[in-house]
2 protein chains.
Amino acid sequence: MPSDRPAARRPYAARMPLEERREELLDAALRVLVRDGYGRLTISAIAAEAGVTRPVVYDAYGGIDPLLHALLDRTRQRALDATLALIPTGGVRIELDRWMLEAADGLLRAAQSDPETWRPVLGLIDGAPPVVRERTEGTLALVRGFVADVLRTNLDPGTELDVEVVAHSLVALVQEFARLLLTRPDEYPKERLLAAYAGILALRRRP
Amino acid sequence: MPSDRPAARRPYAARMPLEERREELLDAALRVLVRDGYGRLTISAIAAEAGVTRPVVYDAYGGIDPLLHALLDRTRQRALDATLALIPTGGVRIELDRWMLEAADGLLRAAQSDPETWRPVLGLIDGAPPVVRERTEGTLALVRGFVADVLRTNLDPGTELDVEVVAHSLVALVQEFARLLLTRPDEYPKERLLAAYAGILALRRRP
DNA sequence: GCCAATTACTACACGGGTGTAGATTCGCAC
DNA sequence: GTGCGAATCTACACCCGTGTAGTAATTGGC
């Protein structure tokens, strides 16, 4: 062999302005996250997934923490937008039973149509570090607040209920349904879950 | 200084037969786990917490995986024992509403009295790897099965309900209450949670 | 076509956890 | 009290991810 080739230089990845690169890195990071969990969400893995070398990631985000922060922000915003679209605000009066069903339906649809966003949000990704729990909890608190408002506005005046705990319960319940839908869709398709939910709600009227 | 002391040998930890050492290591591991999460549950950290050197841990368990497995087994068994004690088996007939309240009360008591066992079981420890989710899910499936049996045995014959989904919901609800109790006891003391729960159940009778 | 700024890559040092081989000490049995 | 086996410790090599300084290629503007 005449030339012991000097470690074959890696072909350059397509160049990209910083902002665009940042978005692409977030996309790559989300793929890694959903596929492998937080435990394997490393700078190395993200760079490999995006087809670039690690310094590119450092130039774009400075480290895993800012990157994760940005990823959580983007994901949170998407999920929150979809969720708040289902909740009437500003003291609008609605029919509670009907709304609870429609909102559940809407949320299950959202989760089903964009699982990459919702799996992390629903806590279905393994290895979540504390920062994830904190941020998720903050978002959930917001949603629970809106749900509680809806309840206060629309519950029969006579009803004595701990609205905050009930809001907690409703949100937890719908979340659990969404988890079932995403993890065992064959066993628990949307129709089954909604029918069961309707059955539970109906107990309130048929003594 | 006459003697440049040769790195001061570490004092020996008290010797212990293997089985006893294993238990002590599990205790240490549980403390580390609850305090720092799965992300910091390393052989090094466990050895330090137990006051021994790493080879002791390797001799006792062979690595982090067998140790974690043993720890999960022990924790799971404790939680499962406490839980199954609350669920009537073998087709015994009971009064459903009363039982649901008593069982919730019992579980909240259990969680409150032994948080080190229940925090991991309730998913309150950060950074759980896939194996934890799998094992927890298996245990939950068992519990849900028993709850579903109770429902089948004691629901009014006329009631048309998706018993499996309802069991899922009940278990998820009580779990959520337990999480609230352990993470925000001042805001959500046991009495408040149980009162709210009773209120929700009561809706079934007061139309 | 060429140049310069921008973007990407190579190469290094570091830190922390893993796993193991071999030396050392403890403490029970006799 | 003294062995001797069991239990513990020391010391090493290894891997993998981090973070950065310096080098090289690309590409848009002229």
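Proteins come first, then strands; the chains are lettered A, B, ... in the order of their sequence lines, and each starts at number 1.
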[X] bridged to [Y] by N-O distance under 4.0 Å:
| X | Y | result |
| --- | --- | --- |
| A:R184 | A:E187 | yes |
| B:R31 | B:E116 | no |
| A:D149 | A:R152 | yes |
| B:R192 | B:D186 | no |
| B:R21 | B:D59 | no |

- [ ] Select base, sugar-phosphate, or nothing to describe what A:A47 touches, counting heavy atoms under 4.0 Å on all strands.
- [x] nothing
Open item on the list: Base, sugar-phosphate or nothing for B:A14? Non-hydrogen atoms, less than 4.0 Å.
Closed with: sugar-phosphate
Would you kindly give the [atom1]-to-[atom2] distance between [X] and [N], to the nearest whole Å?
| X | N | atom1 | atom2 | value |
| --- | --- | --- | --- | --- |
| A:L41 | D:dT18 | CG | C1' | 14 Å |
| B:D36 | C:dG17 | CG | P | 11 Å |
| B:M16 | D:dC9 | CE | P | 11 Å |
| A:R9 | C:dC9 | CZ | P | 9 Å |

Task: Heavy-atom side-chain contact between A:Y188 and A:L181 under 4.5 Å - done: no
Task: A:F146 vs A:V171 side-chain heavy atoms within contact, under 4.5 Å - done: no
Open item on the list: With hydrogens left out and only the distance checked, is there a donor-acceptor pair under 3.5 Å joining B:R15's side chain and the base of C:dT25?
Closed with: yes
Task: Base C:dT24 paired with B:Y12 side chain (donor-acceptor, <3.5 Å) - done: yes
- [ ] Drop me the distance from A:I200's CD1 to A:M100's CE, to the nearest 0.5 angstrom.
- [x] 11.0 Å
Open item on the list: So, does B:S44 get its side chain near the phosphate of C:dT18, meaning an N or O under 4.0 Å from OP1 or OP2?
Closed with: yes
Open item on the list: Below 4.0 angstrom, which residues in residues 18-34 of chain B have at least one non-hydrogen atom near DNA chain D?
Closed with: B:L18, B:R21
Open item on the list: Can you list, in residue-number order, the parts of residues 50-75 of chain B that come under 4.0 Å of DNA chain C, counting heavy atoms only?
Closed with: B:R54, B:P55, B:Y58
Please output the side-chain donor-acceptor pairs of residues 119-129 of chain B that fall under 3.5 Å, not counting sequence neighbours, one pair per line with the distance.
| unit_1 | atom_1 | unit_2 | atom_2 | d |
| --- | --- | --- | --- | --- |
| B:D126 | OD1 | A:R133 | NE | 2.7 |
| B:D126 | OD1 | A:R133 | NH2 | 3.2 |

